[in-house]
Amino acid sequence: MGKKIFLVDDSATMVMSVKAGLEMNGFSVLTAGDGQEALERLQGGLKPDLIITDINMPRMGGLELIGHVRAMPAFRFLPILTLTTESDAAKRDSAKRLGATGWLVKPIGGPDLIKVIRQVLPGS
Amino acid sequence: MPSLVFPRHTVASHHTLPRPVAGLIVLVLIAMLWTASPLLLGPDSPLTRLRIVLVALVLIAVTYWVGLGLQSRAQPAALPVVMLIEPTIALVPGLLPVEALQLVCADMADARPYIENMCQQIDGVKTDVESGVMGVITQAAAMNVESLDQMERIRKSVESGRTLTDATASLSRIVAELEGQLSSRLIELQTNSARIDGISAEVGSLRPMVAAISKIADHTNLLSVNAMIEAVRAGAAGTAFEVVAAGVRKLSEQTTTVAAEVATRINSAADKIAIETSRTVRDGERAAQDLRLLILQLSPMNEQLSNGSRSLLDVIQGVEQGHHEMIVRLSHVLGHVQFQDVMRQRLDQVQDAMQEMGAHLEDLTTSAIDRDWDGQMDASLYSRLAGHRNTYVMASQVSAHDTALGRAEPVATQAAAPAIQLF
């Protein structure tokens with residue numbers, strides 16, 4: 001099986017469409033509905049190769065999630081991409097400061113997403 | 001008797017003079033009274049002019065009430081009075097008959113359910129679109145699964161095709177080897193045939209020897225007969241010689257018999273050898289001919305099989321390429337359906353704004369008919385609208401807001417930011 005990607009988004013259709021697109025291209029995909037659920041699963045032992053997260057989510061947003069993930073020693077160098085409708089430059093800069101690897105704005109074409117993933121994920 | 005209330009805004013009547021005209025008339029009247037007051041009430045009175053103005057205002061108010069009363073009875077005479085007085089009343093802020101205001105408030109009370117209906121409609125749209133998009137995604141995923149199954153079948157066909165190609169290549173080598181061996185065998189057959197012919201000839205060459213042996217046996221027999229005759233002539237002294245002669249005769253007779261037998265067998269063997277040789281050569285040549293025909297038939301079949309295998313591999317590779325292209329197109333489709341999430345967020349924002357407006361109108365309606373209301377709201381509709389700008393997530397929302405409010409230069413810098421940025 002291919003590299004494991006952890007997809008975090010509160011939109012059911014986003015999760016379905018991105019998951020289907022990634023699996024078509026040979027990736028294994030796990031999902032969470034918000035930052036809180038994602039953090040619990042990571043603390044529970046989940047070891048993805050890449051995290052793709054939305055920014056504006058209930059309970060815990062993407063920026064807060066990135067901060068928590070980077071604080072965990074096992075995930076200090078894990079690639080983290082944001083996939084969001086957010087256009088605020090300040091939030092983008094916050095994501096960068098917190099340790100995000102890239103900032104992607106929805107909607108993003110499937111082949112473009114695959115290209116970016118292959119760039120940030122060695123061996124994919 | 002109608003009572004006066006003081007709302008923030010007034011409602012203009014249909015049958016009025018323009019306000020500037022009415023205001024001018026009232027000012028003229030007041031000016032006339034002001035000027036005439038010294039003549040009417042005496043000069044140098046400190047309160048003379050003020051009293052005149054107050055009296056004028058009281059007269060105006062009384063006239064207005066009278067006019068309204070006439071109007072309520074549909075009296076034509078009320079019209080000029082109302083036409084003059086109502087705009088005058090409008091100049092004093094906050095004077096409006098409560099019946100009209102109550103009608104407005106009653107109408108505005110329906111704003112909340114109106115907005116609620118619109119929000120429900122939007123909810124329906126979001127649900128329907130989400131359902132449709134999920135259907136599209138499900139179908140795209142199913143297409144991918146079917147294509148993967150197809151690819152698996154194709155991979156197995158590729159393996160079989162390659163095996164077939166290898167088999168036809170081996171067959172070609174076998175046919176070539178067979179041809180080579182056939183030629184060798186034919187040469188061997190011819191060589192063996194020649195050798196057998198030689199042996200047959202050698203056997204045949206024994207015939208004269210057998211004839212010679214028979215002749216020698218005949219001569220020996222003749223000699224034994226002569227010996228017998230001489231033995232008889234010799235009498236008793238020739239008795240032993242007679243016995244010897246008899247033995248020799250017997251021996252010659254046996255020799256003759258054996259020679260005849262040998263001759264017969266040699267002839268038979270020679271004939272059989274000739275027959276067998278001929279048959280072997282004939283059979284061998286026939287078998288060679290048949291094999292050659294078979295090889296001739298196999299060669300074009302083998303070539304067709306090779307061509308077919310190559311064509312099959314080409315087709316399979318083309319299908320594989322088509323599958324990869326389909327994956328790319330499906331990826332594009334799945335990227336495009338992300339519009340639904342963008343649309344949902346924008347509709348969420350519109351719904352929130354509509355709910356806010358409904359609550360604002362509800363508060364306004366309640367306040368407007370409150371006699372103690374000071375005319376102030378927690379936040380005006382305009383300030384609420386301005387506050388939305390800080391809640392927008394997308395550049396397109398900000399741009400639409402600025403355009404709607406008539407800003408000269410809508411925000412464009414954030415919209416120009418690239419969709420993909422790697423840090």
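Given the structure is predicted, the values throughout are model-derived calculations rather than measurements. Numbers restart at 1 for each chain; the letters A, B, ... are given by sequence-line order, proteins then strands. Side-chain atoms are counted along with the backbone in the values below, which use heavy atoms only and exclude waters and symmetry mates.
By the 6.0 Å contact criterion, CD on A:Gln43 is enclosed, its count of non-hydrogen atoms from other residues, nucleotides or ligands being greater than 12. More than 12 heavy atoms of other residues, nucleotides or ligands lie within 6.0 Å of CZ in A:Arg118, so this atom counts as buried by the packing criterion.
A distance-only check finds a donor-acceptor pair linking the side chain of B:Gln338 to the backbone of A:Ile108 [under 3.5 Å]. For A:Ser87 (side chain) and B:Ala395 (main-chain N/O), a donor-acceptor pair under 3.5 Å exists by modelled atom type. Without hydrogens or angle criteria, A:Thr13 side chain to B:Val133 main chain gives no donor-acceptor distance under 3.5 Å.
Heavy atoms closer than 4.5 Å to chain A are found in the side chain of B:Gln345, but not in its backbone. At a 4.5 Å heavy-atom cutoff, the contact between A:Met14 and chain B is made by side-chain atoms alone. B:Val337 touches chain A through its side chain: at least one heavy atom from C-beta onward sits under 4.5 Å away, while N, CA, C and O do not. Heavy-atom distances place no part of B:Ser147 under 4.5 Å from chain A, backbone and side chain included. Using a 4.5 Å cut-off between heavy atoms, A:Ile114 makes no contact with chain B at all. Using a 4.5 Å cut-off between heavy atoms, B:Gln421 touches chain A through backbone and side chain atoms alike. Using a 4.5 Å cut-off between heavy atoms, B:His332 touches chain A through backbone and side chain atoms alike.
Considering all non-hydrogen atoms of both residues, A:Met16 and B:Thr138 come closest at CE-OG1, 3.5 Å.
With chain A as partner, the option from B:Val333, B:Val145, B:Val393 having the largest number of non-hydrogen pairs under 4.5 angstrom is B:Val393.
To the nearest 0.5 Å, atom CZ of residue B:Phe423 and atom CD1 of residue A:Ile80 are 11.5 Å apart. Atom CE of residue A:Met24 and atom CG of residue B:Leu148 lie 8.5 Å apart, to the nearest 0.5 angstrom.
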* To do: Give the C-alpha distance, both sets of side-chain angles, the deciding distance and a yes or no for side-chain contact (heavy atoms from CB on, under 4.5 Å) between A:Leu113 and B:Ile420.
  => CA-CA 9 Å; A:Leu113 178 60; B:Ile420 299 173; over 6 Å; no

